[in-house]
Amino acid sequence: MEAMGVAAALGLLLLTAGGSTADEAREAAAVRELLVRLLGPGPAAAFSVSVERSLATESGLDTYRLSGGGAGARVQVLGSTGVAAAAGLHRYLRDFCGCHVAWSGSQLRLPQPLPAVPEELTEATPNRYRYYQNVCTQSYSFLWWDWARWEQEIDWMALNGINLALAWSGQEAIWQRVYLALGLTQTEIDEYFTGPAFLAWGRMGNLHTWSGPLPPSWHLKQLYLQHRILDRMRSFGMIPVLPAFAGHVPKALTRVFPQVNVTQMGSWGHFNCSYSCSFLLAPEDPLFPLVGSLFLRELTKEFGTDHIYGADTFNEMQPPSSEPSYLAAATAAVYQAMTAVDPGAVWLLQGWLFQNQPEFWGPAQVAAVLGAVPRGRLLVLDLFAENQPVYVRTASFQGQPFIWCMLHNFGGNHGLFGALESVNQGPATARRFPNSTLVGTGMAPEGIGQNEVVYALMAELGWRKDPVADLGAWVTSFAARRYGVSHGDAEAAWRLLLRSVYNCSGEECRGHNHSPLVKRPSLHMVTTVWYNRSDVFEAWRLLLAATPTLASSPAFRYDLVDVTRQAVQELVSLYYEEMRTAYLKKELVPLMRAGGILAYELLPALDQVLASDCHFLLGSWLEQARLAAVSETEAHFYEQNSRYQLTLWGPEGNILDYANKQLAGLVADYYAPRWRLFAETLAESLVQGVPFQQHQFDKNAFQLEQTFVLGTRRYPSQPEGDTVDLVKKLFLKYYPRAGSF
């Protein structure tokens, strides 16, 4: 496509930028309120914040300007939007004050007086959008949040310059109104919706019914939350992305409209048709525009609109036909249902479908989808661009604008992982691509609250035209800001992590933890990793050496737990290999020794370490679920939703351990019992002289797993024990094994 055509297409999207003097005042006030929440009223008074659209010399490109500071002078923060001003404030706190803002806790010790900005600093983002979220994040991380937690997240978004994000809470309440208006009964609607922990996949048409129904109180709370979320996002000048109709309907619609033209899709995620095989309206059926416009009209009546909508018709599901004409019609029907209500609608499409099933999505099929929406009105998320960028093989999405996204994490798993060099280079490479239609960068993890260094880098890249020149120096500064002081051992530890766990490369790099620790045991588990495990153990030693100086830092203690958890994960692989080797050699004593250490000593010790930090507690996870309820019955229902998601994922372990976490309580009562069973079963096999039967073991393991899911044991929601003491004990006992790697 010619450069002129690219510019014209992108110009349509840039029309969303704008605003009045009242908007500027509202956004400046929102940033000043954020400052008070972040620093307190006294320190916040040392800053002057204002918003002026005219600061952006190029329409749509957020810009901030920093000046002032020093003895007796206020720091002046000026932004073209509220988000730009918040990002400028974060830049000042980070680069001039050595502060750090993070999910696990922020380090905000301000030097006095506040440092002066030596000369006026103006920074403009290279692209229109900094996007955040994945449809799955809503279920894996945001599921049980109250307004207080949402407020923290939106502040984090603003400080990191996010100006485009999903806002999908409360949509089931709107769908309920629409379905009732169409003639469905309340019972039919209740039978259709999934439970809260699985709504993301109900929204994308992958699932229905499983782990439901939704209580009436759920709808009321989510409507309330959505209003507050939208008000706060808009107060900063962010663009909330609302949901739209993608074509999936309840089976009960065929009762009300017997002649409706629907196709039943195939099964998804090893679920049978009791819970998957969704019904998809034919694009030519007259009900398609009716249902789509009814939903969007009711949605925008309730919540207003910022004119960007998300919908995913074929997420991890093969379309009924590969004919380009069908794919074009299905795509056009979704878009036309949007524009029937909002003529200025822009469709935000997760490009995961092209990456997930490349054998189906050939050039003709991709072209059919991309060409069915007017150029500039389809905004594609290149969702896994740090690993498998789709823009490269689609000629920059054939002229449609796209956002280069880092997916990074699957299932909200714990596990140190990153492809920092790929992330660092990726956006600039995409910007240089011939006739590039790049309009932004994004973070699209399935789950958050892990590997914060990766997200700190990605957020910074949203404001950089070029990659970070020296990642080693960058991560050294990151460590100093995170802990509030420069410490040689801690910084050396981070450089080791950078060259090992955060240095994954190639298409096999996925942020999905398949460590034997969190998988159902077998004799065929893969233990290879892309890094030198000795680097992890040396980083562990160096962090522990830094404890006399840094132990008072909450972020340091969190990292000490996290790196210890990673070291134990490596040790599990070591002892598992010893178990397997001993079994294959028919050596009972070495088998029992390795299995006994792994299941009866190492995992209980890990559970104790995890229990010492509030971020690694199963009790906190389940308590969030219970607090969202209005009755004990509801609390039990929500807790069981959470337990299922963390473990079996479906009634029969359909997507077993996909969303694995390493949490105190989960290690002790779910992972450890499986490993004890595995060790005992292998030993019995040798003693009795019969082969190990994986199928029978899986049945027995499922009984353990189901017992945990259906259990009612309450777990501590407050940390117990001293992190440093517990880590030292574990280190002294197991660090000598590091030489085995």
Check: To the nearest 0.5 Å, how far apart are CG in L663 and CG in D613?
Finding: 11.0 Å

Checklist line | Pair E153, Y132: side-chain N/O donor-acceptor within cut-off below 3.5 Å | finding: yes

Check: Without hydrogens or angle criteria, can the side chains of Y502 and N451 be said to hold a donor-acceptor pair below 3.5 Å?
Finding: yes

Next item on the list: Enter the distance from L383:CG to W404:CH2 here, rounded to the nearest 0.5 Å.
Entry: 11.0 Å

Checklist line | Whether F198 and W201 hold their rings parallel, tilted or perpendicular, with breakpoints at 30° and 60° | finding: tilted

Note to self: Taking the cut-offs as 6.0 angstrom to the six-membered ring centre and 45 degrees off its axis, would you call R541 and Y735 a cation-pi pair?
What the structure shows: no

Next item on the list: Measure the spacing between CG of L143 and OH of Y140 and express it to the nearest 0.5 Å.
Entry: 11.5 Å

Notebook entry, point to check: Which heavy atom of L646 sits nearest a heavy atom of K661, and at what distance?
Noted result: CD2-CG, 3.3 Å

Checklist line | Presence of salt bridge, R482 and D559, under 4.0 angstrom | finding: yes

Item checked: Between Q138 and Q133, a side-chain donor and acceptor under 3.5 Å -> yes

Check: Which heavy atom in S139 sits nearest to a heavy atom in P196, and how many Å separate them?
Finding: OG-O, 4.2 Å

Next item on the list: Measure across V709 and R643 and return the closest heavy-atom pair with its distance rounded to 0.1 Å.
Entry: O-CD, 3.2 Å

Next item on the list: May I ask you to test the R674-P521 pair for a side-chain heavy-atom distance under 4.5 Å?
Entry: yes

Next item on the list: Evaluate whether atom CE of M525 has more than 12 neighbouring non-hydrogen atoms of other residues, nucleotides or ligands under 6.0 angstrom away.
Entry: yes

Checklist line | L666 vs Y715 side-chain heavy atoms within contact, under 4.5 Å | finding: no

Margin query: Nearest 0.5 angstrom please: L603 CG to Q662 CD, how far?
Written below: 9.5 Å

Note to self: Is there a side-chain contact between S278 and M265 in this structure, where contact means two heavy atoms from C-beta onward sitting under 4.5 Å apart?
What the structure shows: yes

Item checked: Separation of T564 OG1 from Q569 CD (nearest 0.5 Å) -> 12.5 Å

Notebook entry, point to check: For Q107 and Y483, which heavy atoms make the closest approach, and how far apart are they?
Noted result: CG-C, 4.2 Å

Margin query: Check for me whether R499 meets the cation-pi criterion with Y531, that is, NZ or CZ under 6.0 Å from the six-membered ring centre and within 45 degrees of the ring axis.
Written below: no

Margin query: Whether the side chain of D607 engages the backbone of A668 through a donor-acceptor N/O pair (distance < 3.5 Å, no angle test) should be reported.
Written below: yes

Note to self: Are the side chains of W494 and V453 in contact, using a 4.5 Å heavy-atom criterion?
What the structure shows: yes

Checklist line | Spacing of CZ belonging to R520 relative to CD belonging to Q694, to within rounding of 0.5 Å | finding: 8.0 Å

Check: Would you say the side-chain atoms of S104 and E452 include a donor-acceptor pair closer than 3.5 Å?
Finding: yes

Item checked: Distance-only side-chain donor-acceptor flag, E570 / Y734, under 3.5 Å -> no

Next item on the list: Grab the two heavy atoms, one from L622 and one from S642, that are nearest each other, plus how far apart they are.
Entry: CD2-CB, 3.8 Å

Notebook entry, point to check: Which heavy atom in Q388 sits nearest to a heavy atom in D382, and how many Å separate them?
Noted result: O-OD1, 4.4 Å

